[in-house]
Trainee: 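The structure's right below; bear with me while I get my questions together.
Numbering of ligands and ligand atoms starts at 1, following listing order.
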Amino acid sequence: MAANIIDGKALSNRLRESIKQRVGELKDRSGITPGLTVILVGNDPASAVYVRNKERACRQVGINSNIIKLEENISQDELLWHIDSLNKDKNVHGILVQLPLPPQIDPVMVINAIDPEKDVDGFHPVNVGRMVTGQDCLEPCTPKGIIRLIQETGKPIRGKNAVVIGRSNIVGKPVSLMLLQNDATVTICHSKTSGLEEICKRADILVVAIGRPNFIDSRYVKDGATVIDVGTNRVGDKLVGDVNFEEVKQIAGWITPVPGGVGPMTITMLLENTLQAALKNE
Ligand code: GUN
C-alpha cells in the first residue's frame, strides 16, 4: 500500500497561524513585540534567499525582523562586536548568524558569542547541553521540525528503532538526541558506517540527512516505516531529496515529500523559538 504523506507545508501553515495568535496576545498583554535579527555576511546567493524567506515569515506572524548585512571581508572582531550589541539590545529576542561564514571567521567563536537566551538556532553549547540533559532550552530548528513531523503521524516514538543517517551538528546529532529524549532506541549512521542497508532496514523511523540525491531506495526501508527526508539537492532546476520518493512511498507507512516536508518546518520552528525567547521577557 502506498505511504501516507506527511504534509510539512500544511502543518507549517497551521503552526504559523497559532504563532501569529500568540504573538498578538503577547503584544496585547505586555506590549512586547518579538524581535529577530539575522546577520548575513557576504554575498552567497543561497544565503540571501534563506534570509529573505525568514524575513517574510516573520512579517506574516507579526514578529519584528531586522537584517544586518555585512561585507564579505569583515573581521571576526567586528562581527563579534555586532553580536555583543545585539546581546545587550532588549528589543532583540532572537539572534541568527546565517551560515556558512567566510574563511577568516571561526563559526565556533561566533556561535559561542551569542547569548544562549537569544540563540534561536539552538547551536550554542549551553542550549545543546540543556537539550541533551532534558532541560528547557532553545532547540535547533530543523531537528525540532522533524520531531513535530514524526508526531504528526500519530504513531508513538517511544520504544521504536530510530535510525539517523548523518551526524552534522545542525541536523544529525541533535535530531538523534531528541529522538532519544522521546524514548526511541537510536542508531546514528554516517559516511564510514558499514552495513548501512541492514541497519536502515530495521528502522521504524528513518531520518535521512546525507546530501545525496535519491540515495535511499526501497532496499533500505522496512515495511510501514516512517521516513523523514532532510535532503535538499538541486538537480538541474529541481529540488530533490535524499530518498527516492516514488520507490520508497510504495513501502513506507509515512513519508515526507521534497519539497513540502522538512523545509517549511525549519523556518516555522525559528518563528516559534523567537516567540519562546520573547515570552521569557514578560
Ligand atoms: N545555513 C543553513 N542552515 C542554517 C541554519 O539552520 N541556521 C543558520 N544560522 N545558518 C544556516
Side-chain angles (χ1 to χ4, degrees), residues 8 12 15 35-58 63 65-70 72 74 76 79-80 82-83 86-87 92-103 105-128 131 137-149 164 166-178 207-211 228-234 239 241-242 258-259 261-274 276-277:
S12 214
L15 290 169
L36 171 70
T37 295
V38 175
I39 299 182
L40 175 62
V41 182
N43 307 307
D44 179 54
S47 289
V49 172
Y50 293 143
V51 167
R52 257 203 314 277
N53 289 342
K54 285 167 185 169
E55 188 182 34
R56 187 176 330 122
C58 282
I63 291 176
S65 95
N66 183 30
I67 301 175
I68 299 179
K69 289 189 178 141
L70 301 172
E72 179 84 25
I74 190 175
Q76 180 167 293
L79 176 54
L80 292 176
H82 279 281
I83 292 171
L86 294 171
N87 282 342
V92 174
H93 307 103
I95 303 168
L96 183 147
V97 180
Q98 186 68 28
L99 303 174
L101 289 164
I105 295 169
D106 177 0
V108 172
M109 291 285 284
V110 170
I111 290 166
N112 290 0
I114 298 171
D115 178 348
E117 307 308 323
K118 299 190 178 190
D119 167 40
V120 284
D121 254 333
F123 292 166
H124 193 288
V126 165
N127 280 316
V128 177
M131 190 256 286
C137 65
L138 289 163
E139 294 175 321
C141 301
T142 301
K144 186 173 179 173
I146 291 170
I147 299 292
R148 296 287 178 83
L149 288 165
V164 177
R167 55 171 160 181
S168 72
N169 289 336
I170 293 183
V171 181
K173 274 186 219 164
V175 81
S176 301
L177 292 159
M178 288 161 86
V207 178
V208 189
I210 40 184
I228 307 292
D229 188 351
V230 193
T232 49
N233 311 290
R234 286 237 161 255
L239 197 62
D242 293 344
V258 176
V262 174
M265 290 297 287
T266 297
I267 292 188
T268 302
M269 294 301 104
L270 175 66
L271 303 174
E272 210 175 271
N273 280 355
T274 305
Q276 183 183 325

Trainee: With a 4.0 Å cut-off on heavy atoms, is F123 touching ligand 1?
Mentor: yes
Trainee: Would you say D119's side chain and A113's backbone share a donor-acceptor pair under 3.5 angstrom?
Mentor: no
Trainee: Identify the residue among V258, N233, V207 that makes a side chain to side chain contact (heavy atoms under 4.5 Å, CB included) with D242.
Mentor: N233
Trainee: Just distances here: any N/O of Y50 and N/O of ligand 1 closer than 3.5 Å?
Mentor: no
Trainee: Out of K144, K118, E139, which one pairs with N273 under the side chain to side chain donor-acceptor pair (under 3.5 Å) rule?
Mentor: K144
Trainee: Does any N or O of ligand 1 fall below 3.5 Å from an N or O anywhere on L99, backbone included?
Mentor: yes
Trainee: Apply the side chain to side chain contact (heavy atoms under 4.5 Å, CB included) test between C58 and each candidate in L271, V38, T274; give the one that qualifies.
Mentor: L271
Trainee: Check each atom of ligand 1 against the heavy atoms of L96 and keep those under 4.0 Å away; list them by number with element.
Mentor: 9 (N)
Trainee: Taking only heavy atoms of V97, which atoms of ligand 1 are found under 4.0 Å from at least one of them?
Mentor: 8 (C), 9 (N)
Trainee: Students should be able to answer this: which protein heavy-atom is nearest to atom 11 (C) of ligand 1, and at what distance?
Mentor: Q98 NE2, 3.5 Å
Trainee: Any heavy-atom pair between the side chains of I105 and L79 that's under 4.5 Å?
Mentor: yes
Trainee: Tell me which part of D121 gets within contact of ligand 1: side chain, backbone, both or neither, using heavy atoms under 4.0 Å.
Mentor: side chain
Trainee: Does the protein put a heavy atom under 4.0 Å from atom 3 (N) of ligand 1?
Mentor: no
Trainee: Heavy-atom distance under 4.5 Å between the side chains of L270 and K54, does that happen here?
Mentor: yes
